[in-house]
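The structure appears below as structure tokens.
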There are 2 protein chains.
Amino acid sequence: MAPTPIPSLDMLIRKLESIARLSDEERRAIERLPITGRHLAAHQDIVREKDRPSQCCLLLEGWVCRYQVLSEGKRQIFSFHIPGDIPDLQSLHLRVMDHSVCTMTQATVAFIPHEAMLELTATFPGIAAILWRDTLVDGAVFREWMTGMGRRTALEAVAHLFCEMYVKLEAVGLARDHGYRLPLTQADLGDALGLSNVHVNRTLREMRESGLITLHSGKLEIKHWQELAKLCDFDPTYLHLERLAA
Amino acid sequence: MAPTPIPSLDMLIRKLESIARLSDEERRAIERLPITGRHLAAHQDIVREKDRPSQCCLLLEGWVCRYQVLSEGKRQIFSFHIPGDIPDLQSLHLRVMDHSVCTMTQATVAFIPHEAMLELTATFPGIAAILWRDTLVDGAVFREWMTGMGRRTALEAVAHLFCEMYVKLEAVGLARDHGYRLPLTQADLGDALGLSNVHVNRTLREMRESGLITLHSGKLEIKHWQELAKLCDFDPTYLHLERLAA
DNA sequence: CGGAAGTTTGACACAGATCAATCTAAGTGG
DNA sequence: CCACTTAGATTGATCTGTGTCAAACTTCCG
């Protein structure tokens, strides 16, 4: 519906190449993917629980999250996604959505038909492997969040999330100098970490008062990365960013 | 080291065929996989965090779990696995282990070299898709556990786990009549659900007193499936057992 | 028959939830 | 450009689910 400039598959190619080199043939095949670009408003569902989508959604701009609403109205956020991610890649092999995906900010996305993706991955096992890998990293992040909710204090959990998002953003060139735009409300943070909005607020106050961070109008600055990382025992191994190894 | 009777790849074939039909060629390729069977004692690590395994582990008998130990000594269990599972399938595409895998009971496993798996999946995209799918279901279970820790009470969380394990066991023919062998200590349950062993104990007492379950010497019986499922809002969609749809 | 591992129970402490105001900033319409 | 509205942030008071500690009890097994 929105005016749609030509979106770009460079994003996807760059992402895949950050893991493994692509052959010319593979690159050309990706460029031939039939995509549909779209601009979305903030707080808008892209896919919903129970849906049986026929396309995947490559995020080009903005943040989206995956979430589920329990019967009593409580919400659990499972992940935050940034440009380059394909938040619903799993729908390629799991027919029914067991959760929803929605935008946190205005967003630009490119929809890719499952059919085209399936053909691509059947033809190029190398590409399939990289995408598969991507969903595995996804799983690793879920595990880390489990640890956060199960075994970390509120302070540690918030700190850990801040570190995680920084490393992910930095890896795709969207953050530097330990600062970034964090387009989340305190309630969003709470729903992601299993905390109440009130307690998130108090935790943030504590972090500010101890001088670890600065956060206003959606701008987060980590003032003492080392200390913050140490506080929450942050170890980026689970993000499996090969680049870090180099 | 242990005496090793010939392990069987039927387990794997049956599992894959529960999702999609295999061609004769695919089936033969699987049967040709060079596997090494092994018996393991209980409470023994199969792979450890930081390892770079060169093989995957197909579980034939017993239970294993995936877990991580935090620096303060707390443990978070991420999943329980039952026969037919390949708990470390992710190591096929993520070089470094970000967590450990260990046996909960005596177990029989078959190790399959990565090399052979990679060749198999590169040659047969259909098999790759089923295995990929399997890791995606894994992720779905992680999400459900996140919901449990973030938004459910202890009672609901324990109930949900009991339902989940029953459905998974029943699906592979290892449970019926809403009862099964649960080879976990209360501390194990706590580490999986983000609770203390003491509180797990109280929660179990509550469940017993309300007549919902029976649990002694490792035998769990769900006396009122409907009520238990309702109590914790259990919906097996996230397990993506196609068979249920039929 | 020990002994170790696991379970159960009680007393008490605390992290975080809940409830309810108030405050602030960013729109929005006139 | 300002009054109005509204979403979100903040704060205080209070409550509660769950953790911690410590002891006793049970079960199982060598």
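Note on naming: letters A, B, ... go to the chains in the order of the sequence lines (proteins, then strands), and numbering restarts at 1 for each one.
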*Which residue pairs satisfy the salt bridge (Lys or Arg N to Asp or Glu O under 4.0 Å) criterion with at least one member in residues 70-87 of chain A, sequence neighbours excluded?*
A:K15-A:D85, A:R75-A:D188, A:R75-A:D191
*Could you tell me the separation between the NZ atom of A:K219 and the P atom of C:dA25, rounded to a whole number of Å?*
17 Å
_Net bend of the helix from C:dC1-D:dG30 to C:dG30-D:dC1, end axes of five pairs each, nearest 10 degrees_ = 50°
*Would you say the side chain of B:E164 lies within less than 4.5 Å of the side chain of B:W145, judging by non-hydrogen atoms?*
yes
*Got a sec? Which of residues 205-212 of chain B come in under 4.0 Å of DNA chain C, heavy atoms?*
B:R205, B:R208
*Rounded distance in Å - CG (B:D188) to P (C:dA5)*: 14 Å
_Short side-chain N/O contact to C:dT8 OP1/OP2 from B:N201, under 4.0 Å_ = yes
*Whole Å only: how far is the CG atom of B:L189 from the P atom of C:dT7?*
9 Å
_Contact pattern, 5' to 3', of nucleotides 15-21 of chain C - B, S or - by protein heavy atom under 4.0 Å_ = -BBBB--
*Would you call A:R202 and A:E209 a salt bridge, taking side-chain N to carboxylate O under 4.0 Å as the test?*
no
*asked:* Which residues pass the salt bridge (charged side-chain N to carboxylate O under 4.0 Å, His left out) test with B:D10, not counting sequence neighbours?
replied: none
*Ignoring hydrogens and geometry, is there a side-chain-to-backbone donor-acceptor pair from A:D235 to A:T237 under 3.5 Å?*
yes
*With sequence neighbours excluded, tell me which residues meet ring pair (Phe, Tyr, Trp, His ring centres under 6.0 Å) with A:F234.*
A:H160
*Sorted by first residue and then second, give each ring pair (Phe, Tyr, Trp, His ring centres under 6.0 Å) pair with at least one member in residues 42-68 of chain B; sequence neighbours left out.*
none
*Starting at atom CG of B:L204, determine the distance to atom P of D:dT18, rounded to an integer number of angstrom.*
13 Å
*Quick one: A:H216 NE2 to D:dG8 C1', roughly how many Å, whole number?*
16 Å
*Where at least one partner belongs to residues 98-107 of chain B, residue pairs that pass salt bridge (Lys or Arg N to Asp or Glu O under 4.0 Å), sequence neighbours excluded*: A:R143-B:D98
_salt bridge (Lys or Arg N to Asp or Glu O under 4.0 Å) pairs, two or more places apart, involving residues 47-56 of chain A_ = A:D45-A:R48
Mind listing the side-chain donor-acceptor pairs of residues 212-232 of chain A below 3.5 Å, one per line with the distance, residues two or more places apart or on another chain?
none

*In Å and rounded to the nearest 0.5 Å, what is the CD1 to CE distance from A:I82 to A:M104?*
14.0 Å
_Measure CE/B:M149 against C1'/D:dG19 and give the value in whole Å, please._
16 Å
Pairs under 3.5 Å (N/O, protein and nucleotides 5-7 of chain D):
none

Would you be so kind as to tabulate the donor-acceptor pairs closer than 3.5 Å made by side chains of residues 192-200 of chain B, with sequence neighbours excluded?
unit_1: B:S196; atom_1: OG; unit_2: B:H199; atom_2: N; d: 3.1

*Examine distances only and state if a side-chain atom of B:Y238 and a backbone atom of B:A140 form a donor-acceptor pair shorter than 3.5 Å.*
no
